Structure formats: structure tokens, C-alpha cells
Q: 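Dropping the structure in here first, questions after.
What you see is a predicted model, and the numbers here were worked out from it, not measured in a lab.
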Amino acid sequence: MTTYLFSPPAVPSLPIRGKTERFPVNRIFCVGRNYHAHAVEMGRPVDKSVEQAFYFTKSPQTLVESGVDHVAVVDYPPRTNNYHFEMELVLAIGKAGFRVSEANAHELVYGYAAGLDMTRRDLQLVARDKGRPWDTGKDIEQGSVCSEIVPMPGVVIENGAIALEVNGVTKQSSNVDKLIWNIREIIADLSTYYHLQPGDLIYTGTPEGVGAVVTGDKITGRVEGVAEIALNIGAAQ
């Protein structure tokens, strides 16, 4: 039996719709600039014919569970004056795979969720423009909001409305059929870099309309046919 100096943290996990078991989260991958209109608003248009998808990671410890019946409250984080929301379709991996073909990519799909990739935009842009890692802009405590996992084994979502409101005002409204790299392409490409494992989450990208929030704001969002999230921004740390 292994003895630790101090108690290790609990395994991050999310509820699964219709099940008593929880989904243990292994890693969080995020796809950068995966909607054309968002890439344009960020000043970095994407030409898929000559560019490859790119990714960044967030710690599983940044997860915050959210849903219509479970409104999350997260602190406004330190060292930023420009804290942004990014509404996303989240893919849950249920089977190991390495160098998976697009044709077989569906075999790795366990299900989906709705999520928020919260971002210190000011820090991210400084890092981007200086060619530095994005960690302090993206890998934020309480910065990976996610709904329950909805089991859809083998299902490849190709369309569905994705939307977000702040204080009841629509800020993001698009469709996942506008993904630059679709679900099959994401799984196949990411699996050339990593041995994908059950428990991995992939945040697939956000559409245009991202913006800042402040203490007291109420965020609601959804992916059609999947799930909803609800989040309140708490006091600044």
C-alpha cells in the first residue's frame, strides 16, 4: 500500500445523465480557433487548406460542475480585468485510441456535454503576441465549467444550435456545423499526438461573440440536443 505525505486530491469527475456512476476526468484538451467567425474576431483567420488544428490543455482540477438544476458560482479570478466566456460543445472519450482514422473515430465517443472555457483574455493575448504559452490565460482555477455528461456512444454530432446569454441577453448564437475541424477530424488528429484515454474531455471550440463578464453576471448556455449550463460570477479574489 502506498503511503503519501499528504492526502492526494480526489479524482475530478462529472455526473452522467441517467447513471449513478460519475465520469472520472483524465485530461482536458481544448481546440483553439475552431469557428471561422471567432477566429476572425480574434484577429487570426484560419485557412484550413494550409493550417493544422492546434490544441492547449487545462488541468482537470479546474473543472466546475454546472447545469440548470446546479447553478455554479465561480470567483472572478485574480490578475485580470478582462475575464471572458467561451461556450463550447464538449466531447467525452470512452475508449482508448492512438492514430485513429476519421472513419473509426466514432468508436471513441462516449458522449457529450456543454461547457465553458473561461479565459483571462488580457493575459492570453499578451502571451500570444509574445509567443509565450497560454497557461495563465487559460488554465484558470474554476475555469473549466461543464454540464453533466450525456451518453451517446458512437454518435458523431454534426449540427445543433449553440448559444450563450449573459443576464438574459444573447451573446453567442451559432451552430456546431460551423466547426472548422469536425468531431471525426478532431479525434483523428489529436490521437496522432496523444494516446487518447477513457475520461479525456475535448472542448471543441467556441463560436463568435465572446466577451467579458463582471462580478454579479449570470451566464446561461446550451448545446441543442445535449445539455445546458448556468453560472454566476462571484466576487473578485
Side-chain angles (χ1 to χ4, degrees), residues 14 23 25-58 60 86-117 119 124 128 134 138-139 144 146-147 149-164 172-210 221-227:
L14 292 166
F23 187 88
V25 176
N26 183 41
R27 294 173 293 188
I28 300 175
F29 299 102
C30 302
V31 186
R33 294 199 300 266
N34 203 21
Y35 287 78
H36 281 296
H38 174 59
V40 171
E41 77 177 349
M42 294 302 294
R44 294 290 193 275
V46 174
D47 182 351
K48 187 179 180 180
S49 67
V50 296
E51 296 184 49
Q52 294 182 328
F54 77 94
Y55 311 93
F56 57 92
T57 61
K58 303 183 78 166
E86 295 190 6
M87 186 69 204
E88 309 202 11
L89 170 67
V90 180
L91 166 64
I93 298 295
K95 178 182 176 182
F98 179 60
R99 293 176 178 160
V100 180
S101 69
E102 290 183 22
N104 294 330
H106 64 280
E107 297 176 358
L108 273 61
V109 176
Y110 175 78
Y112 296 89
L116 282 172
D117 169 21
T119 303
Q124 181 207 8
R128 184 194 72 180
W134 291 7
K138 286 289 191 177
D139 193 19
S144 302
C146 198
S147 73
I149 303 295
V150 182
M152 298 184 192
V155 174
V156 175
I157 290 181
E158 297 180 338
N159 59 71
I162 180 170
L164 177 142
Q172 292 185 280
S173 181
S174 188
N175 195 294
V176 297
D177 65 3
K178 292 182 172 60
L179 286 168
I180 298 173
W181 286 277
N182 62 35
I183 298 300
R184 288 187 182 276
E185 291 171 325
I186 291 169
I187 293 173
D189 187 59
L190 192 57
S191 73
T192 66
Y193 294 100
Y194 300 94
H195 291 74
L196 295 179
Q197 300 293 327
D200 288 341
L201 296 180
I202 304 173
Y203 280 61
T204 60
T206 194
E208 72 278 12
V210 299
R222 71 206 53 79
V223 178
E224 181 183 9
V226 179

Q: Nearest 0.5 angstrom please: M42 CE to Y35 OH, how far?
A: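 Answer rounded to 0.5 Å: 15.5 Å.
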Q: Quick check for you: to the nearest 0.5 Å, what is the distance between L179 atom CG and I186 atom CD1?
A: 5.5 Å
Q: Donor-acceptor check, side chain of S174 to backbone of Q172, threshold 3.5 angstrom: yes or no?
A: no
Q: Please round to the nearest 0.5 Å and tell me the distance separating atom CG of N175 and atom CD of E158.
A: 11.0 Å
Q: Mind checking salt bridge (charged side-chain N to carboxylate O under 4.0 Å, His left out) for R222 and listing every partner two or more places apart, or none if nothing turns up?
A: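 E165.
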Q: If you take all heavy atoms of M152 and G225, which pair is closest and at what distance?
A: CE-O, 3.3 Å
Q: About how many Å separate CD1 of I180 and OG1 of T204, when rounded to the nearest 0.5 Å?
A: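 T204 OG1 to I180 CD1: 11.5 Å, rounded to 0.5 Å.
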Q: Can you find a heavy atom in the side chain of H38 that is under 4.5 Å from one in the side chain of V210?
A: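 With C-beta onward as the side chain, the pair touches.
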Q: Verify, without hydrogens or angle tests, whether D200 (side chain) and Q197 (backbone) share a donor-acceptor contact under 3.5 angstrom.
A: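 Judged by distance alone, yes, a pair lies under 3.5 Å.
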Q: Ignoring hydrogens, what is the shortest heavy-atom contact between A105 and I187? Give both atom names and the distance.
A: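 That closest heavy-atom pairing would be O-CD1, 3.6 Å.
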Q: Would you indicate whether F98, at its atom CZ, is surrounded by more than 12 heavy atoms from other residues, nucleotides or ligands within a distance under 6.0 Å?
A: yes
Q: Identify the two heavy atoms, one from A92 and one from F23, that lie closest to each other, and give their separation to 0.1 Å.
A: CB-CZ, 3.8 Å
Q: Start with the C-alpha distance between V31 and I202, add both sets of side-chain angles, then the distance that settles side-chain contact (heavy atoms from CB on, under 4.5 Å), and finish with yes or no.
A: CA-CA 7 Å; V31 186; I202 304 173; 4.1 Å; yes
Q: Pair Y112, V176 - check side-chain contact (heavy atoms from CB on, under 4.5 Å), show working.
A: CA-CA 13 Å; Y112 296 89; V176 297; over 6 Å; no
Q: Parallel, tilted or perpendicular, judged at 30° and 60°: which one describes the rings of Y193 and Y55?
A: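 Geometry flag for Y55 against Y193: perpendicular rings.
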Q: Quick one, I93 and F29 - any side-chain contact, counting heavy atoms below 4.5 Å?
A: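 Not touching, per the 4.5 Å side-chain cut-off.
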Q: List the steps and the verdict of side-chain contact (heavy atoms from CB on, under 4.5 Å) for T206 and D117.
A: CA-CA 8 Å; T206 194; D117 169 21; over 6 Å; no
Q: How close do V156 and I183 get, counting heavy atoms only, and between which atoms?
A: CG1-CB, 3.9 Å
Q: Taking 4.0 angstrom as the limit, do E51 and R44 come out as a salt bridge?
A: no
Q: Between K138 and E86, is the closest basic N to carboxylate O distance under 4.0 Å?
A: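 Result for this pair is yes, salt bridge flagged.
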Q: Mind checking the CG-CD spacing from L201 to E88? Nearest 0.5 Å is all I need.
A: 11.5 Å
Q: Compare all side-chain heavy atoms of D189 with those of F54 and state whether any distance is below 4.5 angstrom.
A: no
Q: So, R184 versus H106: side-chain donor-acceptor pair below 3.5 Å or not?
A: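 Yes, side-chain donor-acceptor contact under 3.5 Å.
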Q: Would you check if the side chain of S147 reaches a backbone N or O of A114 as a donor-acceptor pair within less than 3.5 Å?
A: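 Side chain of S147 to backbone of A114: a pair is present.
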Q: Between E224 and I162, is any pair of side-chain heavy atoms under 4.5 Å apart?
A: no
Q: Do you know which two heavy atoms are closest between N26 and P60, and how far apart they sit?
A: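 Answer, listing the atom of N26 first, then P60: O-CG, 3.2 Å.
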Q: Could you grab the distance from atom CD1 of I157 to atom CG of L91, nearest 0.5 Å is fine?
A: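 One finds 8.5 Å between CD1 of I157 and CG of L91.
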Q: Closest approach of C146 and Y203, non-hydrogen atoms and distance?
A: CB-OH, 3.6 Å
